[in-house]
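Report on the following structure.
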Amino acid sequence: MQQNLTIIPVLNKIDLPSAQVDVVIEELENVLAIPREEVLLASAKDGTGVPEILEAIVKRVPAPRGDPDAPLQALIFDSHYDSYKGVVCYIRLAQGTLRQHDVIRLMGSGAEAELVELGFFRPQLVPVPELRAGEVGYVATGLKSVREAQVGDTVTTMEAPAPEPLPGYQPAKSLVFAGIYPIIGSDYPLLRDAMEKLHLNDASFSFEPESSVALGFGFRCGFLGLLHMEIVQERLEREFGQELIASAPSVEYEVVLMHGQGTVAVDNPSKMPNAGEIEEIREPWVKLGIVTPTTYIGTLMELAKNRRGTFLEMEYLDPLRVLINFELPLGEVIVDFYDQLKTRTQGYASMEFAEIGYRAANLVKVDVLVAGEPVDALSVIVHRDRAQAIGRELVHRLRGLIPRQMFEIAVQAAIGSTVIARESVAAMRKNVLAKCYGGDITRKRKLLEKQKEGKQRMKRVGSVEIPQEAFLAVLRMDDV
C-alpha cells in the first residue's frame, strides 16, 4: 500500500476442515480495506481457483512502464557467482534496451564489464538477444566478485549512459559482528579459503583477520543480522567441513574520546579504549514493531522494559490482535530477544525493526578472567545497571562448563580492575595417603605438604582449556 502496488488477495487452503473463510475475509476487509468481492478462494492441493488467479494477474496487474529508446536504467535485485560466467545479476529494466555484447557499467560500484550472456527465467535461464524496458531477466557480467554487483545498484551502458541511477540504493551495512575461529589452529588457512569462496556468493558478509589470546587466529565478521550470522556459520560447517567457535555477537558502538581526540567505531569488546580515555559511548537503537494477540500485551511490555525499551504506541488491528511499537537498543535485540518473544507468546507474536541512529548510554565492558587471565572472546559490553547481574550469571555458567584441573581455578567478572563476581572451579584431589596404612603422622603430613607444593606450581604454569560450550553460554544469556 505504501508503494501503491496492486494487491491480489488469495485465500488458500480452503479445502481444510478447519478453514475459516468468512472470518479471514472479514479480517482482510477490516485490516487492509480489501473489498470482499476481490478475494480469490483457492486450494493448491486440488487446484481450485488456479485459473482465476492467473487471469486476475493478467487483468489487475498494470503493464510495465518504461521507454525502450531511453538510456538504460536496470535495477539489480539479486546476484550470484557462477564459475564459468562470473557474477550473474538478476535485473529489472526501468527504461532502455540491453543487447548482447553491450559494455555495461554499475553506477554504484563503478565496475565495468562486457556482457557474456543475457536472458529470461522460464524458470531456468534461457538466453535471448535483448532485454527491453519493463522486462525482468539476468545478465552474466564476467565480474569476479559479487561485491561489485550489490543489490539495489543500477546498470547502464557505456555507449549511452543514464544521467543518474535509480533512487534508493544503499550499500549493505553490517549490524551484527562476531568472531569466528577454527577449533584447531592449523585449520586457519582452510577457514580463510572457505570464507573467500562463501564471500563470492554473499557480498553482504564481510570479514577481516584478527587474533585472540584465548582462541588464536580467526576472523572478525560482519553480518546483516543474527539470522544471517547463523546461516553463514551453518554453511561454513556443512559446505566446507569447518569446525568453528563463534564468539558472542555484538553491535558497533561509537566511542567519543576525551580531549577532542575524535570518535572511534568499536565492534569488538576487546578493542574498547580504557575507561579513562572515554568521554561518551553511543549505541545503535532501533524502532521495533510487534504484532501479537492481545492476551500477551503485559508479558511483552515486561520483556521490552527489561531490555531498556521505551514504549511508543499501540494500535489494535482487530479485536484480537494488536501492533505495539517500541524503541530499543539494537544490542538488546540481537542475542535472544526473538527467542524470548516466541517463548512468551507461544509462537504467535512476530516482529520487525528498523535502525533509527545512535544514542548515548551508560555502558561498560565486562571482562571475564579465568585463572587470572582475561579471555577477550568472552568480554561483553552491557549497561552499567545490569553489569553485576550479568557478570554473576556468566561466571556461574562458566563454573559448570570449565573442566576441573588438579588446581583450583578462579573465574571472575571484572569492570576494569574491579571484580564484580567470582566463582571457583574446585580442584581434583588425588588421595596421596592411600599407600600410608600405618606409621607416624609426620609421614602423612609430609606427603600432603608435597602435594600442596605441586598444586601451587601447577597453578603457576598450568593452562586452562575452555570448551566451546563456554563461549556458547554467552549467546544463551537469559534475562537476569
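Between the side chain of K45 and the main chain of D15, no donor-acceptor pair closer than 3.5 Å is present. In this structure, H199 contributes its side chain and S206 its backbone to no donor-acceptor pair below 3.5 Å. One N or O on the side chain of T154 and one on the backbone of L166 form a donor-acceptor pair closer than 3.5 Å. Judged purely by atom type and a 3.5 angstrom limit, D202 has no side-chain atom pairing as donor or acceptor with the backbone of L198. Remark: the backbone N or O of A349 is paired with a side-chain donor or acceptor of T345 at under 3.5 angstrom. In terms of modelled atom types and a separation under 3.5 Å, the side chain of R307 and the main chain of G331 share no donor-acceptor contact. A donor-acceptor pair is defined here as one N or O able to donate and one able to accept, closer than 3.5 Å; no such pair exists between the side chain of N325 and the backbone of E313. The main-chain N or O of A44 is found under 3.5 Å from a side-chain atom of N12 such that the two form a donor-acceptor pair. Panel note: side chain T141, backbone A113; no donor-acceptor pair is recorded below 3.5 Å. Of the possible donor and acceptor atoms, one in the side chain of S109 sits under 3.5 Å from a partner among the backbone N and O of E148.
Atom NZ of K271 is separated from atom OG of S250 by 10.0 Å, given to the nearest 0.5 angstrom. In this structure, I183 CD1 and L244 CG are separated by 7.0 Å, a value rounded to the nearest 0.5 Å. One distance of note links OG1 of T48 with CG of L40; it measures 12.5 Å at 0.5 Å rounding. We find the CZ-NZ distance between R235 and K197 to be 12.5 Å, quoted to the nearest 0.5 Å. For the atom pair M272 CE and I381 CD1, the distance stands at 3.0 Å (nearest 0.5 Å). Atoms CZ and CG, from F311 and L328 in turn, are 12.5 Å apart once rounded to the nearest 0.5 Å.
Ion pairing between a basic and an acidic side chain is recognised when a charged N comes within 4.0 Å of a carboxylate O; K287 and E327 show no such pairing. Under a 4.0 Å N-O distance rule, the pair E283/R359 does not qualify as a salt bridge. Using a 4.0 Å cut-off between a side-chain N of Lys or Arg and a carboxylate O of Asp or Glu, E130 and R132 qualify as a salt bridge. Salt-bridge formation is detected for the pair K365/D367: a Lys NZ or Arg NE/NH1/NH2 atom is positioned less than 4.0 Å from an Asp or Glu carboxylate oxygen. Between R282 and E280 there is a salt bridge, since at least one side-chain N of the basic residue sits less than 4.0 Å from a carboxylate O of the acidic one. With salt bridges taken as basic N to acidic carboxylate O contacts below 4.0 Å, none links E208 and R220. Under 4.0 Å is where a charged nitrogen must lie from a carboxylate oxygen, and between R99 and E159 no such pair does.
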Before giving the answer on side-chain contact (heavy atoms from CB on, under 4.5 Å), spell out for I245 and I180 the whole-Å C-alpha distance, their side-chain angles and the decisive distance to 0.1 Å. CA-CA 6 Å; I245 292 178; I180 293 182; over 6 Å; no
Report the C-alpha separation of V251 and D267 in whole Å, then their side-chain angles, then the decisive distance to 0.1 Å, and conclude whether the side-chain contact (heavy atoms from CB on, under 4.5 Å) test is met. CA-CA 6 Å; V251 298; D267 59 33; over 6 Å; no
Intermediate values then yes/no, salt bridge (charged side-chain N to carboxylate O under 4.0 Å, His left out), E112 and R105: CA-CA 4 Å; E112 300 176 3; R105 184 169 72 88; 5.0 Å; no
Could you walk me through whether I402 and V370 pass the side-chain contact (heavy atoms from CB on, under 4.5 Å) test, one step at a time? CA-CA 9 Å; I402 294 176; V370 177; 4.1 Å; yes
Mind running side chain to side chain donor-acceptor pair (under 3.5 Å) on E210 and N268 for me, showing each step along the way? CA-CA 10 Å; E210 76 167 0; N268 189 344; 3.0 Å; yes
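No more than 12 heavy-atom neighbours from other residues, nucleotides or ligands sit within 6.0 angstrom of OH on Y338. The environment of E352 atom CD is sparse: at most 12 non-hydrogen atoms of other residues, nucleotides or ligands sit within 6.0 angstrom. Environment of CD in Q20: sparse, with no more than 12 heavy atoms of neighbouring residues, nucleotides or ligands closer than 6.0 Å.
Neither side chain, D67 nor Q95, offers a donor N or O lying under 3.5 Å from an acceptor on the other.
Looking at Y188, F177, Y181 one by one, the single match for ring pair (Phe, Tyr, Trp, His ring centres under 6.0 Å) with F219 turns out to be Y188.
A centroid separation of less than 6.0 Å is found between the aromatic rings of Y90 and F121.
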